[in-house]
Amino acid sequence: MKTRFTTVDIRAVIAEINANYIGMRVYNVYDIDNKTYLIRLQKPDSKAVLLIESGTRIHSTDFEWPKNMMPSGFAMKCRKHLKTRRLTQIKQLGIDRIVDMQFGSDEAAYHLIIELYDRGNIILADHEYTILNLLRFRTAEAEDVKIAVRERYPVESARPPEPLISLERLTEILSKAPNGEQVKRVLNPHLPYGATLIEHSLIEAGLSGSIKIDIAPKILEALQIAETYMEKTENFSGRGYIIQKTEKKPSLTPGKPSEELLTYDEFHPFLFAQHAKSPYLEFDTFDKVVDEFFSKMESQKIDLKALQQEKQALKKLENVKKDHEQRLEALHQAQEVDRIKGELVEMNLPVVERALQVVRSALANQVDWTEIGVLVKEAQAAGDPVACAIKELKLQTNHITMLLKNPYISEEDQEEEEKKEIVETKGKKNKNKDKGQNKKLQRNKPMLVDVDLGLSAYANAKKYYDSKRSAEKKEQKTIEAADKAMKSAEKKTQQTLKEVQTVTTIQKARKVYWFEKFLWFISSENYLVIAGRDQQQNEMIVKRYLRAGDIYVHADLHGATSCVIKNPSGNPIPPRTLTEAGTMAVCYSAAWDAKIVTSAWWVHHHQVSKTAPTGEYLTTGSFMIRVPSLAVSVDDQSVFRHQGERKVRTVEEDMEEATSRTAELLDEGEELIAENLLTSLTGQPHPEDVMLFAVPVCAPYTALSNYKHKVKLTPGSQKKGKAARTAVFSFMKAKEVSPREKDLFRSVKDSDLSRNMPGKVKVSAPNLLAAKKK
């Protein structure tokens with residue numbers, strides 16, 4: 001799969017950005033992760049978002065991307081210098097995979113330099129290219145150049161555009177290449193076109209993309225075609241293409257053709273010749289192609305993971321089938337060997353009986369075992385037929401090994417049979433040849449047979465026949481058991497395939513709500529309560545999400561979280577919700593591990609401030625809480641000066657303040673807290689409900705009292721991950737759980753299950769121990 005830009009891609013996307021976004025001002029800069037950033041641009045009649053990923057890509061995007069909860073230092077620096085400035089220019093530095101974006105002009109200009117090769121980098125520089133900030137420090141390998149803060153970025157060292165390679169230089173490159181190497185691989189390091197464009201040009205010139213090195217003039221003609229494509233990207237305004245890859249989805253139903261899964265494989269500004277027969281999608285612009293390709297990668301990873309799980313499930317089934325076939329074949333072979341050995345002993349009764357008598361006599365006369373071996377060898381040398389039949393003495397197990405053959409077939413016939421078998425073996429193409437003839441050939445061959453000295457010759461033959469009948473019965477039982485096992489394995493595989501598809505569908509439909517980045521729950525009276533996971537989130541919750549009508553809840557304990565009860569209606573919050581929020585504040589503190597019970601307190605939103613008293617400083621996540629204090633009385637003549645000091649704000653005024661933040665919240669990609677939203681997250685699903693996905697929630701037990709599936713967590717010694725799996729196990733084993741609910745439980749990621757637990761816990765649930773034993 002293609003994962004980063006080529007030179008052709010860079011030229012095409014730069015041309016489209018120049019055509020569509022030059023002159024727009026920077027509204028804000030956000031970071032998605034430590035190497036991916038969003039630049040929000042706007043002008044009076046339009047808005048746009050540019051996405052930059054270090055080492056990989058740059059393009060506009062129409063998709064919503066999850067932003068980091070707190071902007072990184074690099075994002076803050078970009079905000080400081082780029083906000084409100086116009087995008088005045090975007091260009092490629094030489095023919096390197098480096099993009100230079102200029103914001104502002106003249107001495108007020110700033111440059112954002114994006115390196116789209118190797119490990120990549122993003123550099124913020126001033127109008128003289130002095131570096132102000134960057135993602136990673138490095139030293140250029142070929143030159144003594146440092147890429148660091150306060151150093152100058154070496155824009156002049158970029159490789160300038162070069163004329164078309166000469167025939168002499170091309171011939172020299174080809175002559176030094178390893179014998180048999182592909183042309184595109186040889187030329188790619190020496191040319192700016194990229195392997196895909198080189199391969200396309202070779203095909204256009206009538207040469208195979210995998211041609212071996214020869215005919216330099218013809219190859220030069222192909223490179224001239226590549227040069228024309230580079231020229232087309234100078235002012236590119238064409239279309240874009242996503243090349244798809246077909247994956248076969250396995251099928252359990254015999255005769256039913258396997259389904260096909262189309263996944264994104266490559267993206268290009270042109271439909272190159274080597275992709276003409278591949279399935280592809282066409283878009284209006286190359287910019288949209290790249291946005292679509294990278295935005296759907298995560299979804300496709302889920303599809304490919306599901307496909308891999310399906311293949312593994314079918315591979316297990318196939319292994320079960322092979323294992324049973326091998327067992328049956330081994331039992332069948334054992335029967336055949338025992339039958340043939342019994343027949344050979346029966347055909348050679350006099351010889352076998354004589355050999356038994358000779359060895360028994362020697363043993364009865366207390367002849368040394370070594371001496372018996374010497375006597376047998378002497379007899380073999382003298383040509384004794386009985387001694388010649390004895391091949392090994394196994395006196396420690398009371399056995400001898402004899403080489404027996406069919407006495408009713410002559411040596412000439414035996415040789416003829418062997419020749420015939422060799423010819424058949426060489427020419428045999430069908431493994432399922434006539435088994436009867438194979439058995440006949442085996443019986444006519446000499447075979448080593450172990451004979452028990454404690455039994456007669458006839459009894460030895462009967463022993464082999466009995467062993468054959470025993471193996472035959474065992475084979476029949478194995479066949480019967482195999483049929484049951486195969487049906488069970490097929491049923492289990494079908495169930496696995498169904499579960500994989502269901503889980504994939506649920507995961508792709510899963511909507512992540514904005515409040516899930518915090519600790520959260522919905523109170524028993526349908527109020528959303530959010531709390532910070534750390535000091536940075538505590539800071540964000542109060543500064544960004546604490547609005548008029550909301551309640552701030554906290555506990556005076558080390559590590560206690562800041563809780564906010566969201567109250568968009570402005571009505572007084574009921575005591576039960578206040579108690580549940582207080583429980584949350586206490587549980588996410590040192591009180592949990594210490595196993596102590598304490599209390600929490602709450603204040604109105606206007607009593608929380610970030611303003612510290614004179615001479616004091618508030619750290620991140622700390623706030624000043626205003627509580628009632630000493631009041632002074634004034635005389636009647638002074639009353640007029642203090643009228644309105646404690647004016648009671650109306651609900652309308654509070655809602656006006658909340659509404660003033662609506663546009664900002666929407667701009668940041670957050671949702672307003674509607675009541676179609678909280679009610680849609682239910683803990684009491686009805687059989688008639690269409691359930692979309694499951695969302696794990698950790699809340700005070702009173703808030704979950706009516707939930708269908710719940711377990712109780714108390715301070716304990718069990719780690720979060722194991723506790724989460726125990727909880728899901730309890731839900732899966734519940735009598736009232738439906739198949740759809742089981743599918744939803746399976747689709748929840750392990751990391752989501754445990755991330756909201758307060759610490760080490762003990763899991764309690766009705767009949768949990770019995771379910772585990774069962």
Side-chain angles (χ1 to χ4, degrees), residues 327-421 434-478:
R327 288 184 185 182
L328 291 174
E329 183 62 25
L331 287 171
H332 184 74
Q333 289 293 334
Q335 290 177 57
E336 288 304 306
V337 169
D338 287 340
R339 183 185 65 79
I340 293 170
K341 285 182 177 179
E343 289 178 354
L344 288 173
V345 172
E346 197 172 22
M347 291 176 188
N348 294 275
L349 281 175
V351 176
V352 174
E353 192 63 49
R354 179 61 182 156
L356 289 171
Q357 289 175 359
V358 169
V359 177
R360 284 177 191 153
S361 176
L363 290 172
N365 291 323
Q366 297 183 349
V367 178
D368 186 80
W369 288 3
T370 307
E371 186 65 25
I372 293 174
V374 172
L375 292 173
V376 170
K377 286 182 180 179
E378 289 176 353
Q380 288 173 345
D384 185 272
V386 175
C388 288
I390 299 174
K391 291 301 177 185
E392 186 179 358
L393 296 173
K394 298 180 179 177
L395 301 179
Q396 65 275 16
T397 58
N398 206 37
H399 282 75
I400 60 173
T401 300
M402 300 185 68
L403 181 66
L404 303 178
K405 62 182 179 180
N406 188 343
Y408 305 110
I409 186 170
S410 65
E411 291 185 5
E412 292 80 6
D413 291 340
Q414 178 66 39
E415 290 176 3
E416 190 64 31
E417 287 284 356
E418 287 179 356
K419 288 178 182 177
K420 184 179 178 183
E421 183 182 356
D434 188 297
K435 290 184 179 177
Q437 183 162 344
N438 285 341
K439 291 175 189 173
K440 181 181 177 184
L441 292 173
Q442 280 186 334
R443 186 180 62 196
N444 290 336
K445 281 183 178 181
M447 181 178 284
L448 293 172
V449 180
D450 276 2
V451 181
D452 190 339
L453 293 173
L455 300 174
S456 66
Y458 184 78
N460 270 288
K462 183 177 180 298
K463 178 183 173 184
Y464 280 112
Y465 288 138
D466 290 342
S467 178
K468 185 257 180 187
R469 281 192 291 272
S470 176
E472 192 174 13
K473 290 178 182 177
K474 191 174 181 181
E475 182 184 14
Q476 189 57 40
K477 288 181 180 179
T478 303

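We count residues from 1, following the sequence as given. Quick caveat: nothing in here was measured; it's all calculated off a predicted structure. The analysis underlying the following values was restricted to heavy atoms, covering all of them including side chains, and did not include hydrogens, waters or symmetry mates.
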Starting at [atom1] of [X], measure out to [atom2] of [Y] and round the result to the nearest 0.5 Å.
| X | Y | atom1 | atom2 | answer |
| --- | --- | --- | --- | --- |
| K391 | M402 | NZ | CE | 10.5 Å |
| Q476 | L328 | CD | CG | 9.5 Å |
| E475 | S470 | CD | OG | 11.5 Å |
| R354 | N348 | CZ | CG | 15.5 Å |
| T397 | L453 | OG1 | CG | 8.0 Å |
| T370 | L375 | OG1 | CG | 11.0 Å |

Residue pair [X] / [Y]: nearest heavy atoms and the distance that separates them:
| X | Y | value |
| --- | --- | --- |
| K394 | T401 | CE-OG1, 3.3 Å |
| C388 | G383 | SG-C, 4.2 Å |
| D450 | Y464 | O-OH, 2.6 Å |
| Q335 | A471 | CG-CB, 3.5 Å |
| E346 | Y465 | OE1-OH, 2.7 Å |
| L356 | S456 | CD1-C, 4.0 Å |

Side chain to side chain donor-acceptor pair (under 3.5 Å) filter on D338, not counting sequence neighbours, yields S467
**Asked** Distance only, no hydrogens: is a donor on one side chain within 3.5 Å (strictly under) of an acceptor on the other, for E329 and Q333?
**Response** yes
Between [X] and [Y], is there a donor-acceptor pair closer than 3.5 Å when you use the side chain of the first and the backbone of the second?
| X | Y | result |
| --- | --- | --- |
| D384 | Q380 | no |
| D452 | G454 | yes |
| E392 | H399 | no |

Show, in sequence, the C-alpha distance, side-chain angles and deciding distance for L404 and M347, and conclude whether the side chain to side chain contact (heavy atoms under 4.5 Å, CB included) test is met. CA-CA 9 Å; L404 303 178; M347 291 176 188; over 6 Å; no
Derivation and outcome, side chain to side chain contact (heavy atoms under 4.5 Å, CB included), residues V358 and V376: CA-CA 10 Å; V358 169; V376 170; over 6 Å; no
message = Just checking K468: does its NZ atom have more than 12 heavy atoms from other residues, nucleotides or ligands closer to it than 6.0 angstrom?
response = yes
*Take L363 and W369 through the test side chain to side chain contact (heavy atoms under 4.5 Å, CB included) and record every step on the way to the result.*
CA-CA 8 Å; L363 290 172; W369 288 3; 3.6 Å; yes
Q. Does a salt bridge link E336 with R339, judged by any charged N lying under 4.0 Å from a carboxylate O?
A. yes
Salt bridge between D466 and K463, side-chain N to carboxylate O under 4.0 Å? no
Q.
Show, in sequence, the C-alpha distance, side-chain angles and deciding distance for V352 and V449, and conclude whether the side chain to side chain contact (heavy atoms under 4.5 Å, CB included) test is met.
A. CA-CA 10 Å; V352 174; V449 180; over 6 Å; no
